[in-house]
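Counting starts at 1 for both ligands and their atoms, in listed order.
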Amino acid sequence: MEQLVDEIAALRRRLGEAVCVMGHHYQNDAIVSFCDVTGDSLELARRVPGIRARHIVFCGVHFMGESAALLASPEQSVHAPAPDADCEMARMAPAAQARATLERLRALGRRVTPLAYVNTTLALKAVVGEFGGAVCTSANAETMLRWALEQGDGVLFLPDRNLGRNTARRLGIGEDEQHTIALDARGLDPAEETRPGLRRRLLLWPGCCPIHDVIPADAVRRAREAFPGCVVAAHPECSPELIDACDGAGSTSYLIKEAQRLAESPTPPVFVVGTEINLVNRLAGRLEGRCRIVPLASDALCPDMAKITLRHLRDCLAAVEKRVAVPLRVDPALAAPARATLDRMLRVCG
Ligand code: 13P
Ligand code: SF4
C-alpha cells in the first residue's frame with residue numbers, strides 16, 4: 001500500500017497539470033486523497049467544462065465517466081481506472097426497452113417527457129434526448145421534475161422509482177397522480193395499456209439502487225431509540241417510507257453540508273446518515289470530536305464504486321504517462337442527443 005501511494009504521488013508529480021483526478025464521494029479515502037476534485041454527480045458534471053488538464057482520470061462508476069467524456073473538450077481524454085465499475089441501477093434501464101416504452105406511450109396518445117436520473121447509460125440518455133427529455137441528479141431532481149412536467153402531458157421518470165416518488169412528494173404530487181409501469185423484456189407490458197394508471201401525470205420506471213433500496217425504513221426508528229435527540233438524514237434513493245421518517249434528505253453533497261452545519265452548532269446532536277458507507281465513515285473521521293456521525297446502515301457498500309483501487313489508479317496514471325491509456329470512447333451517433341439531455345439540465349439549473 002505504501003509503495004503504491006509513493007508511486008501514485010511520483011506519477012502525479014511527473015504528470016503535473018496534464019492530469020486532473022476527479023472522484024465521487026463514494027470512493028474510498030485512499031483514492032479521495034489523490035483527487036483534485038471531489039463531488040456529487042451534479043458537481044462533478046459541472047466542473048468538467050472548467051478543467052484545463054489534457055487528461056481527466058475519473059474515479060467513479062461508468063455513467064459518471066461517460067458524462068465527463070461527453071462534457072469534456074475534444075482535446076481532452078477521460079480515463080476510467082476500473083472500466084468494469086458500473087452502476088447496477090443504470091443497468092436497470094436498457095436503452096432499447098426505454099425506446100420501445102416511449103414509442104408505445106406516444107402511440108397511445110401520451111405526450112410524455114422522459115426525465116432520466118443521471119445514473120443511466122449514454123445510450124439511454126441518447127434515447128431520452130431524442131424524445132425531448134433531460135437528465136437530473138439527486139441534487140436538482142425537484143427543479144428538473146417541475147421543468148419536465150411543464151413540457152407535455154406527463155413525465156416518465158427513470159430508472160429510480162424511489163427518487164421519482166421522493167421528488168414527487170416534495171412537489172406535492174400525490175400517489176394517485178403516480179404510476180409505476182410494468183415492463184416486459186421488450187418494453188411496456190401490453191397489460192398496462194388498458195390500466196387507468198397509465199394516464200397519470202407521473203409514470204415511474206421500476207428501477208432502484210440495490211444499496212439504498214434495501215435499507216429498511218425501520219432503521220430510522222431504531223436509530224432514534226439508540227440515539228435520543230439525534231438528527232437523521234438519508235439519500236433520496238432510499239424508499240419514500242424511510243425518507244418520510246427522516247429529518248432531511250438529499251444528495252451526497254447535501255449530507256456532507258448538513259454534517260458540517262450540525263458540527264458547527266453549539267450542541268451538535270448525533271447525526272445518523274443513510275447512504276454509502278465510505279462517505280459516512282469519512283465524515284465520521286473528519287468530524288471526530290466535533291459531531292458524532294453514525295451510519296444508518298453499516299453494510300451499505302457500493303461494490304462497483306469499490307472496484308476502483310489504488311492499484312487501478314496507479315496503472316491508469318502510468319498508462320497515461322506512457323501514452324498507452326485507452327480513453328473512454330463516446331459513440332458519435334449517441335453523443336449529440338445524450339449531450340442535449342445534460343445541456344438541458346445545466347441550462348435549466350443555471
Ligand atoms: P449523488 O448524485 O448524490 O452524488 O449520488 C450518486 C449516486 O450514485 C448515489 O448512489
Ligand atoms: Fe449506482 Fe447505487 Fe452504486 Fe450509486 S450506490 S453508483 S446508484 S449502485
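- Donor-acceptor pairing under 3.5 Å is lacking for the side chains of Thr252 and Asp40.
- Heavy-atom proximity to atom 7 (S) of ligand 2, evaluated over Asp86, Thr252, Val61, Asn119, is greatest for Asn119.
- No side-chain donor from either of Glu264 and Gln260 sits under 3.5 Å from a side-chain acceptor of the other.
- Contact atoms of ligand 1 toward Asn119: 7 (C), 8 (O) (distance under 4.0 Å to a heavy atom of the residue).
- Between Thr252 and ligand 1, an N or O atom pair is found at a separation short of 3.5 Å.
- Checked for salt-bridge contact, Arg261 and Glu258 meet the test: a charged N lies under 4.0 Å from a carboxylate O.
- Nearest-heavy-atom check against atom 8 (S) of ligand 2 across Ile211, Asp213, Thr275 picks out Ile211.
- Annotation: atom 1 (Fe) of ligand 2 to nearest protein heavy atom, Cys87 SG, 2.3 Å.
- Atom 5 (O) of ligand 1 has His235 NE2, 3.3 Å as its closest protein atom, hydrogens excluded (heavy atom only).
- Scanning the protein for heavy atoms near atom 2 (Fe) of ligand 2, the closest one is Cys209 SG, 2.4 Å.
- A salt bridge links Glu175 with Arg165: at least one charged nitrogen is closer than 4.0 Å to a carboxylate oxygen.
- Distances shorter than 4.0 angstrom occur between a heavy atom of His212 and an atom of ligand 1.
- Atoms of ligand 1 found under 4.0 Å from any heavy atom of Ser138, numbered from 1 in the order shown, are 1 (P), 2 (O), 3 (O).
- Between Arg161 and Asp213 a salt bridge is recorded (basic side-chain N to carboxylate O distance below 4.0 Å).
- Distances between N or O atoms of Ser251 and those of ligand 1 include no value under 3.5 Å.
- Side chains of Tyr26 and Thr275: a donor-acceptor N/O pair is present below 3.5 angstrom, by distance only.
- A side-chain N or O of His179 and one of Glu192 form a donor-acceptor pair less than 3.5 Å apart.
- Counting the atoms of ligand 1 from 1 in the order shown, those under 4.0 Å from a heavy atom of Tyr26 are 7 (C), 9 (C), 10 (O).
- Within the listing of ligand 2, atoms 8 (S) sit less than 4.0 angstrom from a heavy atom of Glu88.
- Ligand 1 has no N or O atom lying under 3.5 Å from any N or O atom of Asp40, backbone or side chain.
- For Glu276, the closest heavy-atom approach to ligand 2 does not fall below 4.0 Å.
- For Ser253 and Glu43, the side-chain atoms include at least one donor-acceptor pair closer than 3.5 Å.
- Scanning all protein heavy atoms for the shortest distance to atom 10 (O) of ligand 1 gives Glu237 OE1, 2.8 Å.
- From the protein, the heavy atom lying nearest to atom 3 (Fe) of ligand 2 is Cys302 SG, 2.4 Å.
- Tested against Pro236, the residues Asn162, Asp160, Asn166 include a single side chain to side chain contact (heavy atoms under 4.5 Å, CB included) partner, Asn166.
- Atoms of ligand 1 found under 4.0 Å from any heavy atom of His24 (numbered from 1 in listed order, with element): 1 (P), 4 (O), 5 (O), 6 (C).
- Here the protein heavy atom with the shortest distance to atom 6 (C) of ligand 1 is Ser41 OG, 3.4 Å.
- Under a 3.5 Å cut-off, the side chain of Asp247 and the backbone N or O of Val232 do form a donor-acceptor pair.
- One N or O on the side chain of Thr101 and one on the backbone of Gln97 form a donor-acceptor pair closer than 3.5 Å.
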